[in-house]
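Reviewing the structure listed below.
Naming convention: chains lettered A, B, ... in sequence-line order (proteins, then strands); numbering from 1 in each chain. Predicted, not measured: the structure shown is a model, and the values here were computed from it.
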Number of protein chains: 2
Amino acid sequence: MLLPKPTLAIVDDHPIVIEGLTKLLMKKEKFDLIGSFTNGMDFIPFLKATPVKIVLLDIVLPGIDGMDLCKEIKSISPTTTVLAFSNHQERSGIMKMLENGASGYVLKDASIDELMFCIEEALNGKITFSKAINDILIQAQLKENRLTKLTKRETEILKLIANGITTPHIAEHLFLSKFTVENHRKNILQKLKAKNMAELISIANQQGLL
Amino acid sequence: MLLPKPTLAIVDDHPIVIEGLTKLLMKKEKFDLIGSFTNGMDFIPFLKATPVKIVLLDIVLPGIDGMDLCKEIKSISPTTTVLAFSNHQERSGIMKMLENGASGYVLKDASIDELMFCIEEALNGKITFSKAINDILIQAQLKENRLTKLTKRETEILKLIANGITTPHIAEHLFLSKFTVENHRKNILQKLKAKNMAELISIANQQGLL
DNA sequence: TAGAATATAGCTGTTTACAGCTATATAAGA
DNA sequence: TCTTATATAGCTGTAAACAGCTATATTCTA
């Protein structure tokens with residue numbers, strides 16, 4: 001290959017991960033691995049001295065964490081592409097990384113091919129995620145889209161209410177105490193921010209919950 | 001005109017109407033007016049003896065009324081076209097005539113051109129109505145289509161209910177007694193056949209009343 | 001595995017809803 | 001003009017809804 005390979009650095013507090021990644025990346029011969037670091041404090045001076053095209057960045061790090069480090073990296077070298085590489089699966093962490101300038105998020109149990117693909121996509125300016133992360137984000141999206149999240153039981157009871165069945169009858173029908181049904185009703189009212197059953201059914205209809 | 005004109009008969013208990021119609025029809029020279037009768041008993045023997053293509057038939061007649069006479073005419077001579085020509089504006093009478101085989105219904109205050117047009121349409125096998133009758137039928141249709149007919153007040157209150165406003169507050173808002181609002185609610189419940197407010201709002205939503 | 005969410009059950013008031021009636025004045029329609 | 005529909009107001013019960021709490025067992029899930 002005549003073109004110079006993109007320079008790549010790893011920041012991960014697990015030496016084993018660094019070791020494994022190094023070997024795999026060597027095999028592929030697509031990137032020039034110019035440095036591995038187990039914390040952000042060591043990496044920052046290096047970045048200031050050396051141009052780095054792409055950084056694989058863990059979230060959990062001793063001292064400054066990945067989220068903050070990402071921000072720092074982008075302010076020092078905006079042309080550097082940061083790709084989160086972590087085991088963290090919380091949506092909040094993922095979002096924070098993206099807000100701070102990361103170009104994607106790859107879960108550590110992703111395959112090497114998946115990782116290579118994501119790196120290339122990131123280098124092309126795209127935001128990419130490994131499959132597992134994608135699933136998490138989509139699911140979160142779905143939950144959020146469903147403006148209101150009623151449980152199975154609540155949905156069941158809501159439908160009965162919409163059919164004009166009263167609390168005592170619902171209790172009978174579902175073999176529950178009337179107190180239980182009443183509690184479910186209270187919860188539904190709260191979740192949909194309704195003052196009473198009439199408004200509840202209105203809102204439920206608007207949101208297509210029936 | 002070389003073609004034989006269609007034969008036409010009038011059955012109407014008002015001599016003035018017969019007189020006027022006769023003159024107008026003569027002018028148009030489109031039909032061969034072969035007989036005028038002020039009651040059905042006189043007309044039936046005539047019809048049995050003479051082929052009549054079209055009959056202008058009033059509803060209010062001495063002895064046998066227009067609805068029954070129409071049926072009789074169609075059973076004696078199915079090829080005879082009967083066109084109701086009356087002042088009656090009740091939907092039930094119109095429907096009865098049609099059920100008994102009439103090909104249309106022209107109100108007596110229709111213009112002569114309207115009448116001529118309707119006769120021709122009827123001869124062509126169509127069911128026609130003068131404009132005023134059409135309006136009556138359409139309006140009746142609309143009323144019936146609107147599966148449920150709520151009054152202005154009821155609709156107003158229904159919307160407030162759907163917004164979660166309780167009876168006492170609705171009463172305040174509309175400067176009414178709470179008893180009045182309660183009565184409106186009862187009426188709405190009955191009209192929409194709902195057991196309670198929850199079901200009411202469901203049904204109202206289904207019927208697009210909100 | 002610990003914490004969060006869910007489903008369950010309970011108690012006590014107060015407020016609303018609902019059923020069942022009567023009644024009257026006005027407006028709209030046949 | 002006469003009947004029907006509408007809008008108004010009233011009364012009396014009973015049933016249901018609602019607000020505000022506590023509490024526990026189970027199930028999800030990070």
Side-chain angles (χ1 to χ4, degrees), chain A residues 59-60 86-94 107 132-133 135-136 139-140 143 148-158 160-162 164-172 174-201, chain B residues 59-60 86-94 107 132-133 135-136 139-140 143 148-158 160-162 164-172 174-201:
Chain A
I59 286 183
V60 183
S86 174
N87 261 325
H88 262 248
Q89 303 188 30
E90 281 106 277
R91 214 179 81 88
S92 60
I94 301 172
L107 204 62
I133 293 297
D135 289 350
I136 290 171
Q139 206 159 356
K143 269 188 190 168
T148 314
K149 7 95 238 247
L150 293 184
T151 67
K152 268 182 246 167
R153 206 48 152 175
E154 285 165 353
T155 306
E156 189 179 11
I157 289 175
L158 174 60
L160 293 173
I161 292 170
I165 321 291
T166 63
T167 298
H169 286 150
I170 293 174
E172 265 183 63
L174 299 180
F175 306 106
L176 293 175
S177 151
K178 70 162 187 167
F179 298 111
T180 304
V181 178
E182 264 189 8
N183 281 324
H184 283 304
R185 291 173 66 122
K186 284 172 199 167
N187 292 334
I188 300 173
L189 280 178
Q190 275 196 340
K191 284 187 179 179
L192 297 220
K193 297 193 186 74
K195 290 185 285 296
N196 53 40
M197 285 304 128
E199 195 183 15
L200 176 71
I201 302 301
Chain B
I59 286 184
V60 182
S86 175
N87 261 326
H88 260 248
Q89 305 188 31
E90 280 106 277
R91 215 179 80 88
S92 59
I94 302 173
L107 204 62
I133 293 295
D135 289 351
I136 289 171
Q139 206 158 357
K143 270 189 189 168
T148 315
K149 35 282 106 170
L150 293 184
T151 66
K152 266 184 250 170
R153 208 44 154 176
E154 285 165 352
T155 305
E156 188 179 13
I157 289 175
L158 173 61
L160 293 172
I161 293 170
I165 321 291
T166 63
T167 298
H169 287 150
I170 293 174
E172 263 183 63
L174 299 180
F175 307 104
L176 293 175
S177 151
K178 69 163 187 166
F179 297 111
T180 303
V181 177
E182 265 189 8
N183 282 324
H184 283 303
R185 292 174 65 123
K186 285 172 198 166
N187 292 334
I188 300 173
L189 280 178
Q190 275 196 340
K191 284 186 178 178
L192 297 221
K193 297 191 185 75
K195 291 185 285 296
N196 52 40
M197 285 304 129
E199 194 182 15
L200 176 71
I201 302 300

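Taking both residues in full, the closest heavy atoms of Glu156(A) and Arg153(A) are given as OE1-NH1, 2.9 Å, listed atom of the first, atom of the second, then distance. Heavy atoms only, all atoms of each residue included: Ala198(A) and Met197(B) are closest at CB-CB, 4.2 Å. Counting all heavy atoms, side chain and backbone alike, Ile157(A) lies closest to Ile188(A) at CG2-CD1, 4.4 Å. What you find for Lys195(A) and Leu189(A) is that their closest heavy atoms are C-CD2, 4.4 Å.
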Derivation and outcome, side chain to side chain contact (heavy atoms under 4.5 Å, CB included), residues Leu158(A) and Ile201(A): CA-CA 8 Å; Leu158(A) 174 60; Ile201(A) 302 301; 4.2 Å; yes
Side chain to side chain contact (heavy atoms under 4.5 Å, CB included) between Asn196(B) and Glu199(B), worked out: CA-CA 6 Å; Asn196(B) 52 40; Glu199(B) 194 182 15; 3.8 Å; yes
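Here the side chain of Asn187(B) pairs no donor or acceptor atom with the backbone of Gln190(B) at under 3.5 angstrom. With hydrogens and angles disregarded, no donor-acceptor distance shorter than 3.5 Å links the side chain of Asn183(A) to the backbone of Lys186(A).
The overall bend of the helix from dT1(C)-dA30(D) to dA30(C)-dT1(D), read as the angle between its terminal helix axes built from five base pairs each, is 80° when rounded to 10 degrees.
Scanning for salt bridge (charged side-chain N to carboxylate O under 4.0 Å, His left out) contacts around Arg185(B) gives an empty result, with sequence neighbours left out. Take Thr151(B) and apply the side chain to side chain donor-acceptor pair (under 3.5 Å) test, not counting sequence neighbours, and it matches Glu154(B). Residues satisfying the side chain to side chain donor-acceptor pair (under 3.5 Å) criterion with Glu172(A), sequence neighbours excluded, are absent altogether.
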Letter per nucleotide, 5' to 3', of nucleotides 3-10 of chain C [B base touched, S only sugar-phosphate touched, - untouched; heavy atoms, 4.0 Å]: ---SSBBB
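In this structure, Ile188(A) places its CD1 atom 11 Å from P of dC18(D), rounding to the nearest Å. For the pair Leu189(B) CG and dG20(C) C1', the interatomic distance rounds to 14 Å; values are reported in whole Å. With rounding to whole Å, Lys195(B) atom NZ is found 12 Å from dC18(C) atom P. The interatomic distance linking Ile170(B) (CD1) with dA17(C) (C1') rounds to 12 Å, in whole Å. Between the CD1 atom of Ile165(B) and the P atom of dA17(D) there is a distance of 19 Å, rounded to whole Å.
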Taking only nitrogen or oxygen atoms into account, show me every contact under 3.5 Å that the protein makes with nucleotides 13-16 of chain C, one pair per line with its distance.
none

